[in-house]
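The structure appears below as structure tokens.
Positions are given from 1 along the sequence.
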Amino acid sequence: MNGLEDNNTPILEVDIEEVRSISESSSSNEPRIQHDSTIRSRHDSTQEQSTSSSVHSFEHPEPEVLSPISISNGRKHHRRNHSNLTTGSGRSGSMDSVSLGNSSLDYNPHFTETPSPIDTSTLEDISLHDDEDSEDAESKKKQNSASSKMSLLARKLFKRSEPVVLTTNLIFENRPSNLPAKNPEEEQAQRKAYEEMVAVAKRKEVAELKKKQRAAEERKKYEESVAACTNVWLKEILPEWHLVNHTKRVHNLWWRGLPPKVRGTVWKLAVGNELQLTKSLYYIMVDRAQDTLKCCKDNSRIKDETMENVRDIRLDVLRTFPNLCIFQESGPYHEQLLDVLGAYASYRPDVGYVQGMSFLTAVLLLNMDPADAFILLSNLLHQPCQRAFFRMDADMMFVYFDVFNLFFEEALPPLFNFFTHIQLTPDLYLIGWVFTLFSKSLPLDVVSRIWDVYFRDGDSFLFAAALGILRMYMPQLLHMEFEVILQFLRKLPEDMNSDVLFEHIKAVGLTPRKFQHTMVELVDMNNVERRKKNSSLSTTN
């Protein structure tokens, strides 16, 4: 065959008959030793003497080659002890290395094999063995000669002088002379396909770069706006809080979201401290909760309600924001969360611990110290809506559900009718949202912004936010099944955009005044119905 003329890559010529003869000689265990013609003529007598003698013979299938090998000890050395002389064709099975005494010879396929004359004195000085060892030597010679020949052939096959051609070269270079030439149309199609592939990769790279640049610019603008807003709150609003907190300007800034640096402070000011709690009370309640926990560990048979609350707290804390890994064991907020929840359970044994409190407390701890979180949590759970839900006041809970249904039907008729048709009532998804103030269902940044306005507007904003979420995902919800809707509403998408959500909340149009007016009407109606029911029962008795 001819070599590749275009890229100068040689094609190795292999004699098929030579390979077949080697295979046959290997199966019959008959050695075939070939030497360079120059070496054979120079040392013919030496070879005859070495192989014909009845002493222990050794195999030397290939004369010493200096160029393709490297000697590890830095010098040419031959051990005269025959027991230390092994070849790559022997029992080791290696085709590319020869171990000669203490010298390690590694075959290098990139060199050209140049024979070098063998010192005959080396052969003459090899000690002769007894006649009883000659049969073993002949057997070893027969076993090694075939593999030695295969080693030589393998060296020839794997010897290359040029690197492997790249894929792009295969596309643009002509075919070898021994193959049919490329069709011009095929060559043009391959080139066009390659160019299109490169263009697509470049367009993708440019698009990703532009996306990163836009994200960096948006991030920079956001940080600049947050810094400017923080200065306004610190220098203009907080010093004059009681005078400006109800102004339209402050309410507009509040709607956009509070800066993280002032969020905790504004939350405390907005909720207030109606219960007149102090930090010293918090530390007293913490000590009481720790004593209760210690007593619970010492005597597992005690079934006091407070002790059961403490055990529930320890279990729930491990499931609070698990992705953050800061409230679990060994996390920086683990003990603080336990202390605040234990302190509240000790402070309000009539309420105790209810599932969902751990998420409320965790969000508070991210924005203030434990003592302030305890005070704010206690006042937050004292609000009308939270008090009804956490005390399991069924009558008031259903009043809130009825109010929500009225605004739901008014704002989103198609979705309301669909939920009514599949019998998806508000208590199946609204309870989880109210108990945790959306902290278990929404991304944390969206939760923080909802809490900002909730502390400004009160309970009405919880239901406005719920309607805004339903309005935002109404196109998807209308095509979901009952179970899928429940799973979706319990854990909403992590990529939710707070700005888009607040646009939907604003579009619902549920104001605090409107909500309060409807609540009063429904409460009065329920009171009238309750009186009628009680009077009918007394008349019957």
Side-chain angles (χ1 to χ4, degrees), residues 222-223 225-247 249-283 285-286 317 320-321 324 326-327 331-344 347 356-383 386 436-440 442-459 461-462 465 498 502:
Y222 171 76
E223 292 176 353
S225 64
V226 169
C229 189
T230 301
N231 290 332
V232 172
W233 280 94
L234 289 175
K235 297 179 180 179
E236 301 179 19
I237 299 176
L238 291 180
E240 305 291 336
W241 172 257
H242 296 289
L243 299 177
V244 300
N245 64 332
H246 294 295
T247 61
R249 178 186 178 224
V250 172
H251 277 217
N252 290 337
L253 290 174
W254 213 326
W255 178 264
R256 300 174 191 171
L258 298 173
K261 192 173 183 179
V262 302
R263 176 166 281 143
T265 303
V266 175
W267 285 0
K268 289 185 291 183
L269 292 172
V271 176
N273 189 7
E274 182 182 354
L275 300 175
Q276 298 296 318
L277 303 180
T278 62
K279 291 186 177 182
S280 59
L281 176 64
Y282 163 71
Y283 296 116
M285 293 298 106
V286 169
V317 164
T320 304
F321 294 119
L324 297 180
I326 59 177
F327 297 105
Y333 289 90
H334 179 71
E335 294 298 329
Q336 295 181 11
L337 184 56
L338 287 175
D339 290 343
V340 175
L341 293 174
Y344 183 81
Y347 168 66
M357 288 183 180
S358 62
F359 283 89
L360 298 178
T361 308
V363 176
L364 294 176
L365 286 173
L366 293 175
N367 294 278
M368 60 193 71
D369 60 71
D372 289 332
F374 165 76
I375 296 173
L376 182 53
L377 177 68
S378 301
N379 284 276
L380 175 63
L381 298 183
H382 190 64
Q383 301 297 318
Q386 299 297 320
T436 63
L437 298 182
F438 301 100
S439 58
K440 192 176 180 180
L442 297 179
L444 193 56
D445 58 331
V446 181
V447 170
S448 298
R449 187 170 174 184
I450 287 178
W451 283 34
D452 292 343
V453 185
Y454 165 66
F455 290 138
R456 186 196 74 177
D457 294 347
D459 296 337
F461 189 75
L462 290 181
S498 61
F502 270 67

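Among all heavy-atom pairs drawn from Leu337 and Ser358, the shortest one is CD1-O, 3.8 Å. The minimum heavy-atom distance linking Leu277 with Ile375 is given by the pair O-CD1, 3.9 Å. Here the closest heavy-atom approach between residue Leu258 and residue Val266 is recorded as CD1-CG1, 3.6 Å. In this structure, Ser439 and Val363 approach most closely via the heavy-atom pair CB-CG2, 4.0 Å. Nearest heavy-atom pair, Phe502 versus Arg449, reported as atom, atom and distance to 0.1 Å: CZ-CG, 3.5 Å. Heavy-atom minimum distance, Thr320 versus Ala362: CG2-CB, 3.7 Å.
We find the OG1-CE distance between Thr265 and Met368 to be 8.0 Å, quoted to the nearest 0.5 Å. Between His246 atom NE2 and His251 atom NE2 the span is 6.5 Å, to the nearest 0.5 Å. With values rounded to the nearest 0.5 angstrom, Lys440 atom NZ is found 11.5 Å from Leu360 atom CG. Taking CG of Leu380 as the start and CD of Gln386 as the end, the distance is 5.5 Å to the nearest 0.5 Å. With values rounded to the nearest 0.5 angstrom, Arg456 atom CZ is found 7.5 Å from Phe461 atom CZ. Taken from OH in Tyr333 to CZ in Phe321, the straight-line distance is 12.5 Å, to the nearest 0.5 Å.
Considering only heavy atoms from C-beta on, Pro259 stays 4.5 Å or farther from Leu234 through its side chain. The closest side-chain heavy-atom distance from Tyr282 to Asp369 is not below 4.5 Å. Between Leu366 and Phe327 there is a side-chain heavy-atom pair separated by less than 4.5 Å. No side-chain heavy atom of Leu437 sits less than 4.5 Å from a side-chain heavy atom of Val447. Residues Trp233 and Trp241 are in side-chain contact: their nearest non-hydrogen atoms beyond the backbone lie under 4.5 Å apart. For the pair Trp254 and Asp457, the minimum side-chain heavy-atom distance is 4.5 Å or more.
Side chain of Ser225 to backbone of Tyr222: a donor-acceptor contact under 3.5 angstrom is found. Side chain of Glu335 to main chain of Pro332: no donor-acceptor pair is present (N/O by atom type, distance under 3.5 Å, no hydrogens or angles).
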TODO: Apply the test side-chain contact (heavy atoms from CB on, under 4.5 Å) to residues Cys229 and Arg256: give CA-CA distance (whole Å), side-chain angles for both, the deciding distance (0.1 Å), then the verdict.
DONE: CA-CA 10 Å; Cys229 189; Arg256 300 174 191 171; over 6 Å; no

- [ ] Step by step, work out the side-chain contact (heavy atoms from CB on, under 4.5 Å) result for Asp372 and Lys279.
- [x] CA-CA 7 Å; Asp372 289 332; Lys279 291 186 177 182; 3.3 Å; yes

Task: Trace of the side-chain contact (heavy atoms from CB on, under 4.5 Å) decision for Leu377 with Leu364 - done: CA-CA 8 Å; Leu377 177 68; Leu364 294 176; 3.9 Å; yes

Open item on the list: Before you tell me yes or no, could you show the steps for Gln336 and Asp339 under side-chain contact (heavy atoms from CB on, under 4.5 Å), namely the whole-Å CA-CA distance, both residues' side-chain angles and the distance that decides it to 0.1 Å?
Closed with: CA-CA 5 Å; Gln336 295 181 11; Asp339 290 343; 5.6 Å; no

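Atom CD of Glu274 sits in a sparse spot, with 12 or fewer heavy atoms from other residues, nucleotides or ligands closer than 6.0 Å.
With sequence neighbours left out, the side chain to side chain donor-acceptor pair (under 3.5 Å) criterion links Trp267 to Asp452.
In this structure, the ring of Phe374 has its center no less than 6.0 angstrom from the ring center of Tyr344.
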